[in-house]
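As a basis for the values below, the full set of heavy atoms in this structure was taken, side chains included, without hydrogen atoms, waters or symmetry mates. Positions are given from 1 along the sequence.
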Amino acid sequence: MCATVTGPGVPPVRVHSLSTAGQAGFVDLHNPSQAPVDLAGWSVESCSGPARDLLVELPAGTVLPPRGHLRIAGLDRAHDGLPRVTVAEVAGEGVALLDQRGALVDRVATAPGSPCRERDAARSCAGTATAPSRDDNSTDTDDNRADFTCASHPEDTGGTARSG
């Protein structure tokens, strides 16, 4: 059985890190819970200015195991060992994660006026070797500046997602 809700106000899946570097960009989703989560029909939206546009809708059979990661990656993103869904590019200034009902689960942005930010925007990271990332547990206080620090791109330490 797959979890869909872990408790009031506690999302079962979080945006763990992101790089909005276009075709080399990525969004890393993380399931910090102890139960698998069925991501079929979930979507990620990209924010640019005041607009939110669909980046990807996850296909049937996409299941994120306990403590697992799933990378949504642009076409030019080098394969880093994480299970992935490929998109043309990850651009803009942030992303929003929505469940299969369209309810907002999590969001992060590096621009203060972005509709994808939670309270204060996360800091932008210089260069391409680091990206705004949460800690190993993907702690979420609903304040992007407090939750995200510039870190080297995370590695999968807790299982793999499967699709289909």
Side-chain angles (χ1 to χ4, degrees), residues 2-6 8-33 36-64 68-77 80 82-125 128 131-134 138-151 153-154 161-164:
C2 292
T4 55
V5 176
T6 59
V10 181
V13 176
R14 298 189 180 116
V15 176
H16 182 76
S17 63
L18 84 148
S19 168
T20 55
Q23 290 183 336
F26 69 88
V27 178
D28 178 17
L29 302 181
H30 179 220
N31 173 11
S33 79
V37 177
D38 183 352
L39 297 177
W42 286 47
S43 61
V44 176
E45 295 179 341
S46 176
C47 289
S48 186
R52 280 185 10 195
D53 296 308
L54 181 66
L55 178 64
V56 66
E57 182 174 317
L58 298 172
T62 304
V63 176
L64 194 52
H69 290 260
L70 173 67
R71 176 80 35 103
I72 298 164
L75 291 172
D76 292 342
R77 179 84 192 155
D80 48 18
L82 290 176
R84 66 174 42 210
V85 172
T86 303
V87 297
E89 66 178 3
V90 179
E93 55 216 17
V95 295
L97 174 65
L98 291 85
D99 69 14
Q100 72 279 6
R101 296 178 316 274
L104 184 63
V105 173
D106 195 18
R107 57 191 174 157
V108 60
T110 56
S114 174
C116 283
R117 75 175 161 75
E118 292 178 330
R119 202 166 136 204
D120 293 325
R123 290 171 183 84
S124 294
C125 301
T128 59
S133 299
R134 284 190 163 120
S138 292
T139 301
D140 186 0
T141 66
D142 289 334
D143 182 348
N144 290 163
R145 184 159 303 258
D147 295 342
F148 288 84
T149 59
C150 293
H153 302 285
R162 60 182 161 77
S163 179

Are any of the side-chain heavy atoms of [X] and [Y] separated by less than 4.5 Å?
X      : Y      : value
Val13  : Asp106 : no
Pro132 : Thr110 : yes
Glu118 : Asp142 : yes
Asp28  : Arg71  : yes
Val63  : Val37  : no
Phe148 : Arg134 : yes
Val27  : Leu97  : no
Glu93  : Cys116 : no

- Query: Step by step, would you call Leu54 with Ser43 a side-chain contact (heavy atoms from CB on, under 4.5 Å)?
  - Reply: CA-CA 7 Å; Leu54 181 66; Ser43 61; 3.7 Å; yes
- In a check of side-chain hydrogen bond (donor to acceptor under 3.5 Å, both in side chains) between Ser138 and each of Arg14, His16, His69, which one passes? His16
Mind listing the closest non-hydrogen atom pair of [X] and [Y] along with its distance?
X      : Y      : result
Leu98  : Gly102 : CD2-O, 3.1 Å
Pro115 : Arg107 : O-NH1, 3.1 Å
Ala40  : Ala60  : CB-CA, 3.7 Å
Val56  : Val87  : CB-CG1, 3.8 Å

- Please report the C-alpha distance between Val95 and Ile72 in whole Å, then the side-chain angles of each, then the deciding distance to 0.1 Å, and finally whether the side-chain contact (heavy atoms from CB on, under 4.5 Å) criterion is met. CA-CA 11 Å; Val95 295; Ile72 298 164; over 6 Å; no
- Take Leu18 and Val90 through the test side-chain contact (heavy atoms from CB on, under 4.5 Å) and record every step on the way to the result. CA-CA 9 Å; Leu18 84 148; Val90 179; 5.5 Å; no
